[in-house]
Amino acid sequence: MPKSVLYTVETRKKLTHDTYELNLSGDTSAITKPGQFVNILLDGLFLRRPLSVCDWDDGTLRLIFKVVGDGTRQLAKVRPGDTLDTLTGLGNGYTLTGRAPILIGGGVGIPPMYALAKAYLRKCVLPRIFLGFRSPDDAFYIDEFRELGCETAAAYGSTLVTDLIRDRQPAYDHYCACGPEPMLKAVAKMCRGVGELSFEARMGCGFGACVGCTCRTLTGNKRICVEGPVMRSDEIDWEAL
Amino acid sequence: MPKSVLYTVETRKKLTHDTYELNLSGDTSAITKPGQFVNILLDGLFLRRPLSVCDWDDGTLRLIFKVVGDGTRQLAKVRPGDTLDTLTGLGNGYTLTGRAPILIGGGVGIPPMYALAKAYLRKCVLPRIFLGFRSPDDAFYIDEFRELGCETAAAYGSTLVTDLIRDRQPAYDHYCACGPEPMLKAVAKMCRGVGELSFEARMGCGFGACVGCTCRTLTGNKRICVEGPVMRSDEIDWEAL
Amino acid sequence: MDTKITLSGLTLDNPIIPASGTFGFGREFAAFYDLDILGSFCLKGTTREPRYGNPLPRIAECPSGMLNAVGLQNPGVDAVIEQELPEVAKIFRKPVIANISGFSIDEYAEVAAKFDACAQVGILEINISCPNVHAGGMAFGTDPKSAFEVTQAVKKVTRKPVYMKLSPNTADIARVAKACEDAGADGISLINTLLGMRLDLRKRRPLLANVTGGLSGPAVFPIAVRMVCQVARAVRVPIIGMGGVSCARDVIELMMAGATAVEVGAANLRDPYACPKIIEALPGVMREYQIEKLSDIIGCAVKE
Amino acid sequence: MDTKITLSGLTLDNPIIPASGTFGFGREFAAFYDLDILGSFCLKGTTREPRYGNPLPRIAECPSGMLNAVGLQNPGVDAVIEQELPEVAKIFRKPVIANISGFSIDEYAEVAAKFDACAQVGILEINISCPNVHAGGMAFGTDPKSAFEVTQAVKKVTRKPVYMKLSPNTADIARVAKACEDAGADGISLINTLLGMRLDLRKRRPLLANVTGGLSGPAVFPIAVRMVCQVARAVRVPIIGMGGVSCARDVIELMMAGATAVEVGAANLRDPYACPKIIEALPGVMREYQIEKLSDIIGCAVKE
Ligand SMILES: Cc1cc2nc3c(=O)[nH]c(=O)nc-3n(C[C@H](O)[C@H](O)[C@H](O)COP(=O)(O)OP(=O)(O)OC[C@H]3O[C@@H](n4cnc5c(N)ncnc54)[C@H](O)[C@@H]3O)c2cc1C
Ligand SMILES: Cc1cc2nc3c(=O)[nH]c(=O)nc-3n(C[C@H](O)[C@H](O)[C@H](O)COP(=O)(O)OP(=O)(O)OC[C@H]3O[C@@H](n4cnc5c(N)ncnc54)[C@H](O)[C@@H]3O)c2cc1C
Ligand SMILES: Cc1cc2nc3c(=O)[nH]c(=O)nc-3n(C[C@H](O)[C@H](O)[C@H](O)COP(=O)(O)O)c2cc1C
Ligand SMILES: Cc1cc2nc3c(=O)[nH]c(=O)nc-3n(C[C@H](O)[C@H](O)[C@H](O)COP(=O)(O)O)c2cc1C
Ligand code: FES
Ligand code: FES
């Protein structure tokens, strides 16, 4: 169930030239699954800005975001003690299926993979991590995944995460991916079996009211903010996207 | 000549339940006369908010304002260290005419009278001060005027400043007034000779570009932000206002 | 403090009504608050057939507002009546407003006739901003003649109050409103969204897949106030005002301009608590402006 | 980085032009910066006779914008030519755009004929948003027929390029633009302000003495983008786009929507440095979007 929470900024950290990590404190009880997201109201902007939950526990929440426009630019300037009007616990999240999953993240699709990896680990499942970055300068969180104990590989630039997976030939019984649409498509095409993919859409509300984010799937219309952002790879209608 | 200056808030003081004093630091070189005003840009508001210069010296500026709407509400929340994007040195100001002036202020028309009193004093002219407030709870700056050495009288509620002046019968050769229009009109009607009155208008720019503030006078059209806000009592066309 | 108002015989506890298309069928908001605090609410725009609407992206950010090009996604009138209305009944015990869209006069009449049979529906709001497929694609609502025809056709098939919802994309909204009144409309709703557009500078193409979208949010409020006033001066039937309302002060302003009730649209998307906050703030703002009875101020600022 | 653009044979160093009515005759801005950095600038709207305009208040705040009801205050065409133009020459060495308003076709033609004789004036911008006193007070610009007639009348009396400035308060701006082009217009300027209104809740009456006013500022930007695009698809003559432009990105967006040059209005009032800031930011933003030559992007995002 979504909830409206005023989070307090605890720390802000610059991870790369354009990517930041925010640690917030406040009520996280609405967050139940990795892959869910929050939606943040910012001064002078009309729509909220959706960001994936990167990590959370009782009372703290971590986000990672890349500066791409006015909203993220403003977010990169918050200071400890500032508050963020946030809708939290949005979306469906990943199902934590499988005993040997691979987690595939591209760019700002990487943050949710961190919470997902931790959730698998709590279930005593060790996921393998594949990350894609535009360049080594854009890389972040490789060490953090390794510190969790996960084997972590990274691809840069014209080498794609799918190349990486093809090379390494990991044994897996499930895959979870988040990243730009072309990446998701390549992953779904290459990976065996049915995986879970997390999608983005421009959102009017983020909690299911406006149907601004509804996409067609093979199993009917789905609101990316409620019935998504995570969807099964076998329900995606790639033509309709 | 107007100037664009980023002032820094030094202190904010609550004077009454709804009236605040701000002390700012920054370039004040554009301010040359009491009665001039500044025009302040505030977050999320389109138009700047005009406020009279209450006092200034080399590098500091004082404003006093009453909370009446979104802009002044926001201004009442600034903290030391905050900056204010301000156009400064706007308007014509008072001429410092006379050897025995009376200064008449009503409500938020009082602030400019403070700088005006000080300017007269610098010329070795001792003005007498008449202030009007809605109620004793709304009163401010009576002591400050007295500390300058000026005889200061205050009227409250249904007693008007004009009643006060009629009672006290001060000897004067010039008068300067700022306050609500009905007060200015009553003052102009009652006082002998030609005085100076400061007017308000909703402003699009504050520096003469939009003619949004142009009023008709007996001596032609005048932009309240450039040819005003101070005008001679004998040029006012009270019918046209 | 009396916040009651009456629309064509239907008395609402307060004038606050979430606008069509911004409140779904209420379900998402029932997770945030008890819907019964609302005056009423407007169902999602309903058409004869189910519609997916437009491809994504459908939403764009604007200064003090947003564009939407949802394109009337809805499950069709039969599903709304059979599946949605019973669900609505569980979370809202007052009469709702059905919002009807169509691409032909027949479609409007057919959908209206179906809703006529629903006890739960207190008012029919007829959205005539849709393109008229039988008249070159210009919206019904930009032309007084087709507005008249739709009104007449709908009035024939229902005994419920019919409120015609007007598009602001017209040079003379009062004329369209008058045409609706002449055809028997019981009230007028306005404004729908203003046609707008944003570009994706990187991709060098329109941001919305549909190219254009409807602008709503605070940006349009001054236009809404003006149009409500113009229509209030042109017709005698009650007006439901909307367009950019985001606080209790805006409600008072639209009512003083001539609205009897007020719909709140985009504000619900930005803040799911927008309506409860407005309802909570109303008495305080009424006090501030010395309003004892909200219905006293309808049109008070724009009497000619 | 090439920011040059050409309007009917007149090449500007950059597409930035302060909009009529928001820049006076330039004097106030010359106190802040050297005007010669501008592409050009638009003089205050000029009528045959001197006009005081509307009573105060003339200005109201809006979300992301403002209303103005200045009412075409100006000293009249003779004073503009005899007194203002020589003063302008001292602070701006490039050709200016004269902006002409009128309440009859004769008035437009008469004022245009007078400006035709001024070497300093590079373009005539004909504002047809004014009420047509000979046709029931509806604005010339809302009706294709009167737009045609004004254009034709003005074209007859001048050899300077004639740009017709359109009102957005119309259901079909492309039709009006097309009528102007058909009548020989050399270009189209758009958009003028949208009719809006605000109330004074305390006084229970309209905030502006004139009751309604024109909405401008960022709030109207998505409407401007849409209309520039619609007109760009309807006509072949160059377009000067405007409406809510406040940063270099907005300039790129309007140009990609079809504008050859861009006017900046209300932003100048809010920040006297708005235009120099935009001009300074342009090359950086061009780099960001991989634009070598600004004139290359005109209409690139809205090709059908
Ligand atoms: C479910 C979900 C999870 C996301 N998680 C992350 C994350 O963890 N980290 C991260 O960096 N980014 C994430 N994004 C993308 C992020 O929402 C956008 O980068 C951000 O909204 C851009 O806002 P802006 O104001 O800086 O950019 P602008 O371009 O100025 O934004 C304008 C409008 O477009 C929307 N928009 C722009 N880009 C996107 C996008 N890619 N997806 C959706 N809406 C967009 C904005 O929300 C806003 O409404 C996520 C998006 C979604 C939908
Ligand atoms: C030359 C001049 C000097 C002033 N000096 C002072 C001063 O020293 N102290 C003080 O408290 N007030 C002063 N005022 C009035 C002050 O500008 C307004 O109270 C203030 O702008 C209100 O802004 P708001 O956002 O709080 O109110 P809102 O009502 O929300 O403002 C809405 C719009 O109306 C304008 N507006 C509202 N009231 C007035 C008003 N009385 N005069 C002009 N514009 C108004 C605002 O500027 C804004 O554009 C002065 C006004 C002028 C013109
Ligand atoms: C996402 C969205 C969907 C909408 N769908 C409909 C609709 O189906 N039928 C309708 O009559 N109006 C629809 N509207 C228009 C609103 O009901 C309302 O008229 C408009 O948004 C202006 O109000 P606002 O500024 O408060 O949003 C929609 C608006 C939005 C933002
Ligand atoms: C105070 C003011 C005065 C204006 N006067 C005129 C005018 O005299 N002639 C005219 O064609 N447009 C006039 N306009 C309209 C602007 O030129 C411009 O078309 C409109 O404001 C939209 O641009 P903006 O949103 O950048 O302000 C005026 C606008 C403002 C704000
Ligand atoms: S963003 Fe509104 S329904 Fe998904
Ligand atoms: S406020 Fe613009 S000219 Fe005075």
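Residue numbers begin at 1 in each chain, while the letters A, B, ... track the order of the sequences.
Annotation: maximal heavy-atom pairing with chain D below 4.5 Å, among C:Thr142, C:Val220, C:Leu215, occurs at C:Leu215. Interface remark: of the candidates D:Cys62, D:Ala60, D:Ser64, D:Ser64 forms the most heavy-atom pairs closer than 4.5 Å to chain C. The greatest number of non-hydrogen atom pairs below 4.5 Å with chain D, out of C:Ile252, C:Thr212, C:Ile223, is found for C:Ile223. Interface summary for chain D: among C:Ser167, C:Pro168, C:Ala219, C:Ala224, the most heavy-atom pairs under 4.5 angstrom belong to C:Ala219. Ranked by heavy-atom pairs shorter than 4.5 Å toward chain D, the options C:Arg205, C:Arg249, C:Arg204, C:Lys203 are led by C:Arg204.
By the neighbour-count criterion of 12 heavy atoms within 6.0 Å, atom CD of D:Glu288 is densely surrounded, having more than that number from other residues, nucleotides or ligands. Heavy atoms from other residues, nucleotides or ligands lying under 6.0 Å from CZ of C:Arg175 number 12 at most.
Put simply, the side chain of C:Arg226 never gets that close to the backbone of D:Leu194: no donor and acceptor are under 3.5 Å apart.
Residue D:Leu195 touches chain C through both its backbone and its side chain, counting heavy-atom pairs closer than 4.5 Å. Heavy atoms of D:Ile291 lying under 4.5 Å from chain C belong to its backbone as well as its side chain. Using a 4.5 Å cut-off between heavy atoms, D:Cys300 contacts chain C through both its backbone and its side chain. At a 4.5 Å heavy-atom cutoff, the contact between D:Leu201 and chain C is made by backbone and side-chain atoms alike.
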Give the C-alpha distance, both sets of side-chain angles, the deciding distance and a yes or no for side chain to side chain contact (heavy atoms under 4.5 Å, CB included) between D:Val302 and C:Leu199.
-> CA-CA 9 Å; D:Val302 300; C:Leu199 304 182; 4.2 Å; yes
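Here C:Asn169 contributes atom CG and D:Asn169 contributes atom CG; the two are 11.0 Å apart, rounded to the nearest 0.5 Å.
Screening D:Met197, D:Glu61, D:Arg198 for a side-chain contact (heavy atoms from CB on, under 4.5 Å) involving C:Pro222 leaves a single residue, D:Arg198.
Using a 4.5 Å cut-off between non-hydrogen atoms, the part of residues 255-274 of chain D that approaches chain C consists of D:Met256, D:Ala257.
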